[in-house]
Amino acid sequence: MWRSSCFDKVVNSVCSGGSEGALTGGLISLTAFSEIIRHIGSCRDAASLSGVVGQAVQKGLHSDAGVFVLREGDQVHYVEVSGRDPLWKGRRFPLSRCISGWVILNRAPVAIENVAADARIPYEIYRPTWVRSLLMVPIRTDEPVGALGAYWADTHKASAAEMEFLRNLADITACAFTNVTLYENLRSLNADLDRRVTERTERLAEVLQELDDFAQHVAHDLRAPLRAIRGLGQIALEEADAGADPAAVRERVREILRAAERMDKLVVDLLSYSRLARQELPRSKVSLDLTVDEVLLEAGILIRESKAQVDVERPLGDVVAYAPVLKQVLQNLLSNAIKFVAPGSVPRVRIYAEPRPPRRRLWVEDHGIGIPPQDQERIFRAFERLHPPEHYPGTGIGLAFVSRAVGRLGGAAGVESEPGKGSRFWIELPEA
Ligand code: ADP
């Protein structure tokens with residue numbers, strides 16, 4: 001609100017006609033008018049602008065109240081009524097039912113000496129008040145954003161100079177209003193930017209934490225086969241030095257090679273998983289039937305050795321995907337379905353599909369050991385394994401790959417499972 005002592009000086013000077021000569025018919029001095037402009041120009045929000053302008057109107061015109069009204073769609077908002085009493089300050093009226101609305105819609109000023117005798121005035125609103133006369137002008141005449149007005153308690157015939165003063169003030173207010181709106185927009189943009197920077201920073205911190213965890217896991221999982229290689233190598237050396245049976249030494253070496261293979265598999269899985277984050281995945285129509293055929297062909301040895309029974313319910317249909325990555329996804333799901341069965345039992349796998357518009361869902365169902373409900377979500381994260389490698393070998397990357405791959409292909413993955421009964425893994429991709 002503009003209530004500085006400087007303003008009081010301006011007001012006094014306005015009221016006394018000023019010492020520097022009248023600018024507009026003895027109404028206001030040059031100094032006073034420049035002070036008003038300076039104060040209006042320094043407003044940074046609509047609330048202070050309306051306060052300053054309302055007072056300037058009232059004091060500048062020696063009226064009993066100064067009014068600042070803004071258009072809000074089909075309504076007018078009496079943002080400020082300064083002076084004798086607030087009247088309808090803060091209230092809203094339909095444009096068609098008040099004099100400021102008339103001024104805005106007609107883009108013309110109005111001077112009314114007697115509010116009781118003017119058809120444009122909704123007199124029922126004015127009757128209980130002290131208002132007898134008024135002067136009101138639009139803020140901007142091309143497309144008014146509001147109106148400025150003065151009320152008098154006595155009958156008052158507004159002079160040409162008063163009209164001129166109010167029009168000038170309205171012009172200045174129009175510019176200031178544009179500035180204030182820009183400032184307010186800028187402030188809210190800045191606040192929005194601050195909020196987004198904070199969110200991004202938090203997300204970045206999370207990602208860094210995830211990276212850190214990931215590095216810990218990688219180091220841990222790589223060191224396990226490394227330790228085995230070192231230990232077994234040491235034993236093999238000692239056995240050879242002690243003149244052990246060459247067949248026993250060869251068995252040690254084979255174990256060493258198996259540990260090296262595990263390490264290699266882990267590195268390969270990790271590389272393809274991390275490449276997936278940045279790799280381009282050009283999408284096109286891919287036949288699920290052909291992809292499953294390829295996967296089954298390549299898994300031939302695994303299927304024969306495990307005596308797995310794999311049933312495919314065709315046709316599986318087509319999806320939009322990147323074929324090499326989709327193939328890897330299905331390989332992971334199939335090898336898990338064959339691997340995670342109770343010792344000695346024969347794996348049974350069923351592959352089928354169904355429409356889930358706008359996607360297509362492919363199921364890989366097994367009758368294996370199943371997954372407890374509390375673990376069904378976390379197994380899709382890297383390195384989450386529910387069993388020690390001695391029981392079920394693996395790297396813990398397979399399902400993380402599945403989840404990341406279908407996510408990047410615009411789909412999703414999940415599982416339904418009951419421990420001891422089996423699991424149904426699904427992936428969904430856009431239907432072709
Ligand atoms: P990996 O198979 O290399 O251990 P995955 O990421 O493919 O790693 O799977 C993570 C874990 O989820 C597995 O270690 C296993 O505990 C569980 N899991 C995955 N598929 C199945 C399944 N078909 N049946 C039971 N458990 C499964």
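Read the numbers this way: they start at 1 and go in the same order the structure lists the ligands and their atoms. Below, all heavy atoms of this structure are taken into account, side chains as well, without hydrogens, waters or symmetry copies. All residue numbers in this chain count up from 1 along the given sequence.
- Only the side chain of I371 comes within 4.0 Å of ligand 1, counting heavy atoms alone; its backbone N, CA, C and O stay farther away.
- Shown here is D212, whose CG atom has more than 12 heavy atoms of other residues, nucleotides or ligands within 6.0 Å.
- Counting all heavy atoms, side chain and backbone alike, L326 lies closest to A321 at CD2-CB, 4.2 Å.
- In this structure, N332 does not count as a contact residue of ligand 1, since none of its heavy atoms falls inside 4.0 Å of the ligand.
- Other residues, nucleotides and ligands contribute more than 12 heavy atoms inside 6.0 Å of the OH atom of Y123.
- Atom 23 (N) of ligand 1 has D366 OD2, 2.9 Å as its closest protein atom, hydrogens excluded (heavy atom only).
- Ring geometry for F383 versus H217: interplanar angle under 30°, hence parallel rather than tilted (30 to 60°).
- Between G370 and ligand 1, not a single N/O pair is under 3.5 Å apart.
- In terms of protein heavy-atom proximity, atom 17 (C) of ligand 1 is nearest to I379 CG2, 4.0 Å.
- Interface atoms of ligand 1 facing T395, defined by a heavy-atom separation under 4.0 Å, are 3 (O).
- Heavy-atom minimum distance, A174 versus R140: CB-CG, 3.4 Å.
- The ring-ring contact (aromatic ring centres under 6.0 Å, His included) test applied to Y392 returns F340, H387, not counting sequence neighbours.
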Exercise for the section: List the steps and the verdict of salt bridge (Lys or Arg N to Asp or Glu O under 4.0 Å) for D293 and R314. Expected result: CA-CA 11 Å; D293 283 345; R314 298 175 191 273; 2.6 Å; yes
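- Compare E384, H391, R385 by their heavy atoms: the one nearest to atom 10 (C) of ligand 1 is in E384.
- At a heavy-atom distance under 4.0 Å, only side-chain atoms of K339, from C-beta outward, approach ligand 1.
- Under a 4.0 angstrom heavy-atom cut-off, G368 registers as lying outside contact with ligand 1.
- Of the candidates S423, P419, G396, it is G396 that places a heavy atom closest to atom 1 (P) of ligand 1.
- Of the listed options F380, F425, F340, F340 places a heavy atom closest to atom 25 (C) of ligand 1.
- Applying the 4.0 Å criterion to heavy atoms of L386 picks out, from ligand 1, the atoms 14 (O), 16 (O).
- Atom 7 (O) of ligand 1 has its closest protein heavy atom at N336 ND2, 2.8 Å.
- Closest heavy-atom contact between L135 and A111: CD1-CB, 3.8 Å.
- Heavy atoms from other residues, nucleotides or ligands lying under 6.0 Å from CD of E377 number 12 at most.
- At a heavy-atom cutoff of 4.0 Å, ligand 1 is contacted by the backbone of I397 but not by its side chain.
- L399 N, 2.8 Å is the protein heavy atom nearest to atom 6 (O) of ligand 1.
- Centroid-to-centroid, the aromatic rings of F68 and Y78 stay 6.0 Å apart or farther.
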